[in-house]
Amino acid sequence: MIRRRQALTAWLFLTPAVLFFVLLFFLPIGNQLLTGLYDADGAFTGLGNFTRAFEDPEVLHSFLITLAYAAGTLVVGTAVGLALAVILNQSLRGRTLFRSVLLIPYLTSVSIIGLLWRNILDPQVGILNRLLEAVGLPGQTWLSTHPLATIVGITVWSSAGYTMVLFLAGLQGIPGLYYEAARIDGAGPWRRFFAITLPLLAPTTVFVSIIGLIGTLQQFALPYIVTGGGPGNATSLYAHRLFIVAFNDNDFGYASALSLLLLVVVLVLSLAQLRIGDRADA
Amino acid sequence: MRERLFPGDRVAAYVVLVALGLVTVLPLLYMIVLALQSDGEVQSGDPVLWPAELQWGNFTRLFEAAPFGRFFVNSFVMAGAITVSHLVFDPLIGYVFAKLDFPGKRIAFVAVLSTLMVPFFVRMLPIYSIFASLGWIDSYQGLIVPFLMDAYGIFLMRQFIRPLPDELIEAARVDGAGEFRIYLRVILPQCKPAMAVLGLFTFVFQWNEFLWPLIATSRTEMRTLPIGLTLFNQEYFTQWNLTAAGALILFVPTAIFFVITQKFLVEGIALSGLK
């Protein structure tokens, strides 16, 4: 009796959530599955949009540069984030302030980050080249000669603090005893880092990498604001291509197929992360 | 004693920290310098480290050059309404998953959590199509509705409510309190710290949201601040001083958030980031 009343109350409380998640998550996904089967003129093409995606040189290009962007961001971003976390895990004066300050870009609107860096990197009015020239280094045409690498740099700048936080959480889980024992055995700091810290951080590193990969695969706003996908299509990442197909070409069927392919990749990565996470807990 | 994990000495650690701290902060400080320059200074092609005369007027000129007041209001309405919605629904649903027992609970919970894996791009196009047919493009409900709740907030509240003692709920039940009353009087008052974190994070992230407002609005007067700012910059390309002034206005909630949460920021983000 009480149990039945509780069940009724529970579902009553859940009603708004059921409506929200059904109407704004599950029905839209179902709708994508259907829309993906139609072409731009509304004619049924079956899996035509999907096969087209695999043969579309623009899509292939966007996918490849997205992989390059993800790889660059992961390698540099993980290294910087890990270094910051390791340094800030020590008892240093001003530790809390440093940790927080490094997080400011993560909390800042991508509009600000994009516009700010576009100004700083501008070959005419930008301050970065003037600073480089002042110390005797040649200025660069950042966004026209190395557009993708520059976008990687801005991404690392804006996300290093977040990566640091994830690594800090991982570092808290390493028992201090291990370090005591290693020190008694005469292991130096570098040795302790490579023999204890790095291996024991492996689950965190996997987590950080997969989270980062999922994020970079969906990156849209930063190149949209900084380069508009250019020059040419040098920074037209997968999400940007999807956006163009949907809103410039008005081909929602094809865009749906592209978004479903993205969903598959993200699902696989998320499930891999869950499985690895489970194993790390066990 | 804490392990000196970093190989090397204290001085080296500080050198690295200060260098990276400066790389993080200097661009943002430069934004202030930029916002206070005269038109001549920003167009000269010579970057100015300190303006000859501080142009505070840039902040008022900005509002004349583009409807930034309206952008600000739109952003505030969007982020505010979404935050309120999260504060109303996330603890309630978190409570249901944390403390109530009912058939279908596991399936419902897994269904909610599974939405974490759905890229926004997957639901964006159908929601756009539906909203377009409802006439919701360029409307506040169009900006707000897709983000009324999310699995992160619900999961965060569930994790917070789970360890609260069941005895409190049982005692209230024995006293004859109804389920909603128990939630309102017993559970909710204890959730205040978690709700403060949830509310602040929700507001700042929605305030900064870029992709959906870009798609869901096309009329200038319905643009939000992040979109208005980028459009303004494209239109008046050389007016970097006004762009920077607008960026500073957009930055205000982030700065306030930073000052309020500075002490707990890292733990707060670790909590929400690690799920």
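The analysis underlying the following values was restricted to heavy atoms, covering all of them including side chains, and did not include hydrogens, waters or symmetry mates. Computed from a predicted model, the values in this text were never measured in an experiment. In what follows, chains are A, B, ... by sequence order, proteins preceding strands, each numbered from 1.
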Side chain from CB out, backbone as N, CA, C, O: work out which of these in [X] comes under 4.5 Å of a heavy atom of chain A, or both, or neither.
X      : answer
B:V204 : side chain
B:F121 : both
B:V96  : side chain
B:F180 : both
B:I215 : side chain
B:I154 : side chain
B:L17  : both
B:F251 : both

Looking only at heavy atoms and a cut-off of under 4.5 Å, which of [options] has the most pairs with chain A?
options                       : answer
B:M149, B:E179, B:M117        : B:M149
B:T243, B:V25, B:L34, B:D150  : B:L34
B:D101, B:L20, B:V42          : B:D101
B:P103, B:G21, B:S114, B:A244 : B:P103
B:Y128, B:F210, B:Y95         : B:F210
B:L265, B:T254, B:L125        : B:L125

Anything under 30° is parallel, anything over 60° is perpendicular, the rest tilted; go ahead and classify [X] against [Y].
X      : Y      : result
B:F232 : B:Y236 : tilted
A:Y224 : A:H240 : tilted
A:F243 : A:F247 : tilted
B:Y14  : A:F98  : tilted

Can you tell me which portion of [X] sits under 4.5 Å from chain B's heavy atoms? Options are side chain, backbone, both or neither.
X      : answer
A:F13  : both
A:S256 : both
A:L88  : side chain
A:L263 : both
A:L92  : both
A:L217 : neither
A:Q218 : both
A:Y178 : neither
A:R93  : both
A:L168 : side chain

_Is it the case that the side chain of A:Q90 and the backbone of A:I87 share a donor-acceptor pair, with hydrogens and angles ignored and the cut-off at 3.5 Å?_
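Checked: pair present.
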*Any donor-acceptor pair under 3.5 Å linking the side chain of B:W212 with the backbone of B:G142?*
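Indeed, once roles are kept as given, a pair shorter than 3.5 Å links the two residues.
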[X] atom [atom1]: more than 12 heavy-atom contacts under 6.0 Å:
X      : atom1 : value
B:F264 : CZ    : no
A:R191 : CZ    : no
B:L29  : CG    : yes

*Of all the heavy-atom pairs spanning A:L24 and B:R123, show the shortest one and how long it is.*
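Closest heavy-atom pair between A:L24 and B:R123: O-NH1, 2.9 Å.
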*Closest approach of B:A132 to B:I137 (non-hydrogen atoms, all atoms of both residues)*: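 Looking at all heavy atoms of both residues, the closest pair is CA-CG1, 3.7 Å.
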_The test is ring-ring contact (aromatic ring centres under 6.0 Å, His included); show your working for A:Y38 and A:Y254 and say whether it passes._
CA-CA 8 Å; A:Y38 291 86; A:Y254 191 31; over 10 Å; no
Report all side-chain donor-acceptor pairs from residues 112-121 of chain A shorter than 3.5 Å, counting only partners two or more places apart or in another chain.
| from | atom 1 | to | atom 2 | distance (Å) |
| --- | --- | --- | --- | --- |
| A:R118 | NH1 | A:I225 | O | 2.9 |
| A:R118 | NH2 | B:N233 | OD1 | 2.2 |

*asked:* Among residues at least two apart in sequence or on other chains, which ones pass side-chain hydrogen bond (donor to acceptor under 3.5 Å, both in side chains) with B:Y183?
replied: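 Scan of B:Y183 (side-chain hydrogen bond (donor to acceptor under 3.5 Å, both in side chains), adjacent residues dropped) gives none.
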